[in-house]
2 protein chains.
Amino acid sequence: MRAMSTPPTKVSFKEQMHLAREEAILQATCRLLGEKAYDAMTMDDVANAVGIAKASLYKHFSSKEELCSAAMVQILARVRTYLDGLAAEMPPLEKLQALVRWSLERLITNEMPLLPSRNSSLRAVLMANKDYLNGLVTVSDQIGEWIVQAQAQGLINPTLPPMVVLYTLYARACDPVVTFLKDGGQYSDAEIVELVVRTCFDGLSAR
Amino acid sequence: MRAMSTPPTKVSFKEQMHLAREEAILQATCRLLGEKAYDAMTMDDVANAVGIAKASLYKHFSSKEELCSAAMVQILARVRTYLDGLAAEMPPLEKLQALVRWSLERLITNEMPLLPSRNSSLRAVLMANKDYLNGLVTVSDQIGEWIVQAQAQGLINPTLPPMVVLYTLYARACDPVVTFLKDGGQYSDAEIVELVVRTCFDGLSAR
DNA sequence: GTCTATAGTGAGATAGAC
DNA sequence: GTCTATCTCACTATAGAC
């Protein structure tokens, strides 16, 4: 709460500190959720990563669920920013491929996945969060448009329901193949990304 | 331990009961792990599902980790049985497709997935289990043969490393697309399986 | 071997001083 | 707002009667 005797700049500075700390908490949460499961990540982990006491976390976020939801909402916002930044003249198929490539690049550096894996406890938390669902709908609508356009151009298989295409793209963002190949140590990150993009769009069968 | 005064049939019956109970425990574990994350599944869940006291579980399996590992090893054995049962004259590509279809059918009925999803705590447990790793190697070798054969026949893209093909097939066994589509309620289980098999082998792009 | 009851532990969340 | 210390509760695992 702003004190009347405090100069505006001072308050603004404090507010910036507050926001910066909150940003750091969200960053750490994203990274940790990229490394381990929701249940396995503890509030102590987050507090230690940020370098503050656990109790302080609760001054910013009222629960673990709220913290992780906020982190995912932020990720969704970043996706939106990325999508909006794609050149308008880029063909829809290339936009879709760019999105998958971008998601995989986040995934392979252990940043928080765009979507939780199957059976993740986080999934139930997110599905109960209105902000997350709204953001997801917005992003899905945008991607859905491009899918329909790419199908109209005959570049995406028009016999596949757009929803199936959409989910198949989303699923790349938590694709375990990336982890397998990375653990194998045989390929560079860039190679892994390209291989997964290829199998996603071209399939396994020979063309 | 067998008592000397007990007739063999009686003992055999008791042993069968013991094995049947153990089988029931493994079954319940598989089903529960298909429904929720490893961390979220409690030993109480298993005990309640089987209808025995939690303490009795520990007479059969010394820990949660051992129980779940045993369940996964059993799944792997079932995969081996399925693979061995495929007709020898079936073309390798069809064998691979049959395997994916079979995995998806297990997945869609919420049976335990062949592989844990990304970031699952179960993953660390399994990677420390020798029986599981041995079983996985055996199955992988068999599938790997078929992949190489299918590539030699020009039916699987020969420019894809066999390991990438293998992991891509494995990943179908925990594919979140199945969950998404099933929750959507728009498609039957059989339709979902076929759609995912198609996108796996043929990709999203038009042919 | 099965049960009830409980010990032990770890993590989410809070109290209260500063 | 941040901290230390603590509460509370759920879950793994075990003790001990039958």
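We name chains A, B, ... by the order of the sequence lines, and we start the count at 1 in each one. Because the structure is a prediction, the values reported are computed rather than measured.
One interatomic measurement links the two molecules: CG of A/Asp45 to P of C/dG10, which rounds to 14 Å at whole-angstrom precision. In this entry the distance linking CE of B/Met43 with P of D/dA10 reads 19 Å, nearest Å. The CD atom of A/Glu66 sits 11 Å away from the P atom of C/dT14 (whole-angstrom rounding). Counting to the nearest Å, the P atom of C/dT2 and the CZ atom of B/Phe61 are 12 Å from each other. The nearest whole Å value for the distance from the CG atom in A/Leu57 to the P atom in D/dT2 is 9 Å. Atom CG in B/Asp39 sits about 15 Å away from atom C1' in C/dG12, given to the nearest Å. Protein atom CG of A/Asp44 is 11 Å distant from nucleotide atom C1' of C/dA13, rounded to whole Å. Atoms NZ (B/Lys54) and C1' (D/dA15) sit 14 Å apart, rounded to a whole Å.
Between the side chains of A/Ser140 and A/Tyr170, a donor-acceptor pair is found at a separation under 3.5 Å.
Using a 4.0 Å cut-off, no side-chain N or O of B/His60 falls inside it from OP1 or OP2 of C/dG1. One finds a side-chain N or O of B/Tyr58 lying less than 4.0 angstrom from the OP1 or OP2 phosphate oxygen of D/dA13.
When the nucleotides C/dT4, C/dA13, C/dG12 are ranked by their closest atom to the side chain of B/Ala55, C/dT4 comes out on top. Distances from the side chain of B/Arg21 to the nucleotides C/dT2, D/dT4, C/dA13 place C/dT2 closest. Among the nucleotides D/dT12, C/dG12, C/dT4, the one closest to any side-chain atom of B/Ala53 is C/dT4.
With hydrogens and angles disregarded, a donor-acceptor distance shorter than 3.5 Å links the side chain of A/Glu191 to the backbone of A/Ser188. Looking at B/Asn119, its side chain never comes within 3.5 Å of a backbone N or O of A/Ser117 through a donor-acceptor pair.
Residue A/Met41 is classed as a sugar-phosphate contact, given heavy-atom separations below 4.0 Å to backbone atoms only. Within 4.0 Å (heavy atoms only), A/Lys59 reaches at least one base atom of the nucleic acid. Within the 4.0 angstrom heavy-atom criterion, base atoms lie near A/Ser56.
DNA chain C is contacted by both B/Gly51 and A/Ser62; B/Gly51 maps to the nucleotide lying nearer its 5′ end (nearest heavy atom per residue).
Between atom OH of residue B/Tyr38 and atom CG of residue B/Leu32 there is a gap of 13.5 Å, rounded to the nearest 0.5 Å.
B/Phe201 has its side chain within reach of B/Val100: a pair of non-hydrogen atoms, C-beta onward, lies under 4.5 Å apart.
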